[in-house]
Chemist: 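Next up is a structure, given as structure tokens.
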Amino acid sequence: MVRVRFAPSPTGFLHIGNARTALFNYLFARKNQGKFILRIEDTDKERSKKEYEIAIMEDLKWLGIEWDEGPDIGGDYGPYRQSERLNIYKEYAEKLLKEGYVYKCYCTKEELEEMRKTAQEKGLPPGYSGKCRYLTREKISEYEREGREFVLRFRVPEEKIEINDLIRGKVIFEGEHLTDFVIMKSDGTPTFNFAVVIDDYLMKITHVIRGEDHLSNTPKHILIFKALGVDLPYFAHMSMTLGPDRTRLSKRHGATSVRAYREQGYLPEAFFNYIALLGWGTSESREIFTKEELINEFSIERCHKASAVFDPEKLLWMNSYYIKNSPIDRIYELSLPFLKSSGLINGIDENKKEYIKKAISLEQEKIKTLKDVPYLIEFFMKEPEYEKENFDKLINQETKGILKEIVEIFERMESFKREEIENIVREFCKEKNYKTSFVFHPLRFAVSGRTKGPDLFGMLELLGKAKVIERIKKLL
């Protein structure tokens, strides 16, 4: 059975690049009727925080990514937090120590810094010199009497390491470029490179799908797998996610976390759809997919080697597409938190529910994110404010006279429906020989305080005869 995992560190909110890694693993698992595992890599005691772990899980659920095993639901291969697996890492480290694959290194920080400087002066890459690799028993005893702390280092053999990456094809690593690396720190916690291999082995992970920034770690992982005497998983290293300027995605490009886009009012299905297309696509370059379609279409073979470019404008377009094509009931429900935070509503008033839904539906074509909703429907909910510049531009003696006549027409109307309002106002323009824009613009401004907005006559119908007349008279 296919078993894949997403293993975030709870040191911050879910980054767009990490969300894409989670999504590709999820799609691959679902496509192959496999299992998707959530594992929390929280051995960084200083930076790991419980609130980030909770936030990451909330954001994954918001995206529509469900896991089959994880710290919150358990499973047959737990625990699923690395901080709860320290005894397991210690056991396997001691095993590799006994078998000679790793050794104790007593080098101090000062000695390691001297090695780094020496390598730099010789034009060599920084790395461990192997100083403690062949220590005599006498030297080990001396260091232990001194109370020196030690780390455990893996003995890297001088051999070529080769993998057949499912995305990148054959990748070869020359052994001489890899120096002995630490698998256990002096405080007894594992390094990332060691813990991830032990976890992948014990959790029976079949495919390791991750970003290409982990490609350089892969030879270390392969060496540990081989030392354990177990089969390697398949590796697939996805392209990096870059900003529009083709540099690594960072805060200078704007929001980089899923949480930030949630708070801006993006729909989960739009975000799910968009990030699925970062470094993957179909032969016909299709862009809009349902979740089920993405699961059916997804394949590792169609992942691109070239870096993916995150385009906020494209995401915004896709989000507006999903909003335009969503049922108004759903957009209303999703807009409620934004309407509350803006102060337009205090709670769910059932008497106003249908009115608000109709107001949103009039503006639905213009909504790019849910955060736009309060501004777009604000004048439906409270009295408009008239900006002096637009007032001076649109309201003069002639337009005041027109508005007075419009009020008199409206007052005589028994039914105040959209079609009837439009017919009667257009007829007025024709009789008086006015251009429609000369009448429509002041009328819109008088009623909404704005020069742009939804369909004028739909807006007038929703506001209602009494409110429309009241606002025009107030402006006059």
Side-chain angles (χ1 to χ4, degrees), residues 265 331-332 335-336 338-346 349 351-413 415-476:
I331 299 303
Y332 165 78
S335 298
L336 285 176
F338 298 92
L339 292 169
K340 287 175 185 174
S341 64
S342 71
L344 281 184
I345 62 173
N346 295 319
D349 185 342
N351 296 324
K352 286 185 178 177
K353 186 174 179 179
E354 290 306 314
Y355 178 77
I356 295 171
K357 280 200 280 188
K358 286 176 183 175
I360 294 172
S361 68
L362 282 172
E363 293 283 33
Q364 195 166 0
E365 287 287 318
K366 293 190 184 73
I367 301 170
K368 292 185 176 179
T369 75
L370 298 171
K371 207 171 184 179
D372 297 337
V373 174
Y375 171 76
L376 289 171
I377 71 164
E378 184 180 38
F379 67 87
F380 285 106
M381 310 289 289
K382 64 182 199 180
E383 293 305 301
E385 296 176 7
Y386 302 105
E387 290 183 6
K388 187 177 186 305
E389 183 182 347
N390 288 323
F391 189 99
D392 293 342
K393 191 186 296 182
L394 292 167
I395 307 301
N396 51 49
Q397 287 306 313
E398 188 173 10
T399 55
K400 280 183 178 180
I402 290 170
L403 289 172
K404 282 179 183 176
E405 289 188 76
I406 293 286
V407 166
E408 290 170 6
I409 292 169
F410 286 170
E411 285 177 332
R412 293 195 297 270
M413 291 178 69
S415 172
F416 205 68
K417 297 296 181 185
R418 189 207 170 284
E419 293 77 12
E420 294 171 48
I421 302 168
E422 181 173 7
N423 290 337
I424 209 160
V425 173
R426 287 189 183 278
E427 188 62 34
F428 169 79
C429 294
K430 190 175 179 182
E431 284 178 10
K432 300 289 185 177
N433 202 27
Y434 290 132
K435 285 185 177 178
T436 53
S437 59
F438 192 65
V439 175
F440 289 5
H441 290 326
L443 178 56
R444 177 185 296 280
F445 182 71
V447 171
S448 69
R450 297 180 185 176
T451 57
K452 294 178 181 177
D455 170 68
L456 173 61
F457 304 106
M459 176 181 81
L460 295 175
E461 179 187 3
L462 181 59
L463 281 165
K465 177 179 170 179
K467 180 62 70 177
V468 167
I469 292 170
E470 178 191 324
R471 286 187 179 181
I472 295 173
K473 285 183 174 179
K474 182 181 177 183
L475 175 129
L476 293 173

Chemist: Has the side chain of Arg444 got a donor or acceptor atom that lies under 3.5 Å from a matching backbone atom of Asp455?
Modeler: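 No, the answer is negative, given that no donor and acceptor are paired below the 3.5 Å cut-off.
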Chemist: May I ask you to decide if Met413's main-chain N or O and Lys465's side chain share a donor-acceptor pair within less than 3.5 Å?
Modeler: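 Judged by distance alone, yes, a pair lies under 3.5 Å.
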Chemist: Any salt bridge between Lys382 and Glu378, counting N to O under 4.0 Å?
Modeler: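 Yes, Lys382 and Glu378 are salt-bridged.
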Chemist: Closest approach of Pro384 and Ser448, non-hydrogen atoms and distance?
Modeler: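 Smallest interatomic distance, heavy atoms only, reads CB-O, 3.2 Å.
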Chemist: At their closest point, which heavy atom of Ser342 faces which heavy atom of Pro374, and how far apart are they?
Modeler: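 So the minimum-distance heavy-atom pair works out to OG-CB, 3.6 Å.
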Chemist: Is there a donor-acceptor pair closer than 3.5 Å between any side-chain N or O of Thr399 and the backbone N or O of Leu394?
Modeler: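 Checking the backbone N and O of Leu394 against the side chain of Thr399, a donor-acceptor pair under 3.5 Å is found.
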Chemist: Identify whether the distance between the nearest side-chain nitrogen and carboxylate oxygen of Arg418 and Glu422 falls below 4.0 Å.
Modeler: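 The answer is yes: the pair qualifies as a salt bridge.
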Chemist: Would you mind reporting whether Ile421 and Phe410 have side-chain heavy atoms less than 4.5 Å apart?
Modeler: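 In short, these two side chains touch, coming nearer than 4.5 Å.
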Chemist: So, for Asp372 and Ile367, which heavy atoms are closest and what is the spacing to 0.1 Å?
Modeler: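 Here Asp372 and Ile367 meet closest at OD2-C, 4.0 Å.
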Chemist: What distance separates Phe457 CZ from Met459 CE, expressed to the nearest 0.5 Å?
Modeler: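 Between Phe457 CZ and Met459 CE, I get 9.5 Å after rounding to 0.5 Å.
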Chemist: If you take all heavy atoms of Leu362 and Gly458, which pair is closest and at what distance?
Modeler: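 Taking Leu362 first and Gly458 second, the nearest heavy atoms are CD1-O, 3.8 Å.
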Chemist: Ile472 versus Leu443: any side-chain heavy-atom pair under 4.5 Å?
Modeler: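 The answer is yes, as the side chains (C-beta and beyond) meet within the 4.5 Å cut-off.
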Chemist: Residues two or more places apart in sequence or in another chain: which of them pass salt bridge (charged side-chain N to carboxylate O under 4.0 Å, His left out) with Glu405?
Modeler: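 Partners of Glu405 by the salt bridge (charged side-chain N to carboxylate O under 4.0 Å, His left out) criterion, ordered by chain and then number, come out as Lys432.
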Chemist: Is Val373 close to Phe338 at the side-chain level, that is, under 4.5 Å between some pair of heavy atoms?
Modeler: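 In short, these two side chains do not touch, never coming nearer than 4.5 Å.
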Chemist: With distance as the sole test, does Lys400 use its side chain to make a donor-acceptor pair with the main-chain N or O of Ile395 at under 3.5 Å?
Modeler: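 The answer is no, because no donor-acceptor pair under 3.5 Å joins these two groups.
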Chemist: Minimum heavy-atom separation for Phe380 to Ala359, with atom names?
Modeler: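 Closest pair (atom of Phe380, atom of Ala359, distance): CD1-CB, 3.7 Å.
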Chemist: Under 4.0 Å between a side-chain nitrogen and a carboxylate oxygen: does that hold for Glu354 and Lys357?
Modeler: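 The answer is yes: the pair qualifies as a salt bridge.
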Chemist: Output all residues satisfying salt bridge (charged side-chain N to carboxylate O under 4.0 Å, His left out) with Lys366, sequence neighbours left out; order by chain, then residue number.
Modeler: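 Result, salt bridge (charged side-chain N to carboxylate O under 4.0 Å, His left out) vs Lys366: Glu363.
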Chemist: Checking Lys368 now: which residues fulfil side chain to side chain donor-acceptor pair (under 3.5 Å) with it, not counting sequence neighbours?
Modeler: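 Checked Lys368 against side chain to side chain donor-acceptor pair (under 3.5 Å); zero matches.
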Chemist: Using 0.5 Å steps for rounding, measure from the OG atom of Ser335 to the CG atom of Leu344.
Modeler: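 Going from OG on Ser335 over to CG on Leu344, the span is 11.0 Å.
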Chemist: Of all the heavy-atom pairs spanning Arg471 and Val447, show the shortest one and how long it is.
Modeler: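 So the two residues come closest at NH1-O, 2.9 Å.
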Chemist: Is there a side-chain contact between His441 and Thr451 (heavy atoms, below 4.5 Å)?
Modeler: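 With C-beta onward as the side chain, the pair stays apart.
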Chemist: Rounded to the nearest 0.5 Å, what separates atom NZ in Lys352 from atom NZ in Lys358?
Modeler: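 Lys352 NZ to Lys358 NZ: 15.0 Å, rounded to 0.5 Å.
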Chemist: Only one of Tyr386, Phe379, Phe440 clears ring-ring contact (aromatic ring centres under 6.0 Å, His included) with Phe445; which?
Modeler: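 Among Tyr386, Phe379, Phe440, the one that satisfies the ring-ring contact (aromatic ring centres under 6.0 Å, His included) with Phe445 is Tyr386.
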Chemist: Tell me, yes or no, whether the heavy-atom count around Glu411 atom CD, taken from other residues, nucleotides or ligands under 6.0 Å, exceeds 12.
Modeler: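 Yes.
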Chemist: Supply the atom-to-atom distance Ile469 CD1 to Ile406 CD1, rounded to the nearest 0.5 angstrom.
Modeler: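 Going from the CD1 atom of Ile469 to the CD1 atom of Ile406 covers 11.0 Å.
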Chemist: Should the pair Arg450 and Tyr375 be classed as cation-pi, given the thresholds of under 6.0 Å to the six-membered ring centre and 45° from the axis?
Modeler: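 Here Arg450 passes the 6.0 Å and 45° test against Tyr375.
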Chemist: Would Leu463 and Tyr355 count as a side chain to side chain contact (heavy atoms under 4.5 Å, CB included) if you check the C-alpha gap in whole Å, the side-chain angles of each, and the deciding distance to 0.1 Å?
Modeler: CA-CA 9 Å; Leu463 281 165; Tyr355 178 77; 3.6 Å; yes
Chemist: Closer than 3.5 angstrom, by distance alone: can the side chain of Asn423 be matched with the main-chain N or O of Glu420 as a donor-acceptor pair?
Modeler: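 Flag not set: sc Asn423 to bb Glu420 has no pair under 3.5 Å.
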Chemist: Going by the angle between their ring planes, with limits at 30° and 60°, are Phe428 and Tyr434 parallel, tilted or perpendicular?
Modeler: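 Taking Tyr434 first and then Phe428, their aromatic rings sit tilted (interplane angle of 30° to 60°).
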Chemist: Take Met381 and Leu339, measure what side chain to side chain contact (heavy atoms under 4.5 Å, CB included) needs, and give me the verdict at the end.
Modeler: CA-CA 10 Å; Met381 310 289 289; Leu339 292 169; over 6 Å; no
Chemist: So do Leu336 and Ile345 actually touch side chain to side chain, heavy atoms under 4.5 Å?
Modeler: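 The answer is yes; the side chains approach within 4.5 Å.
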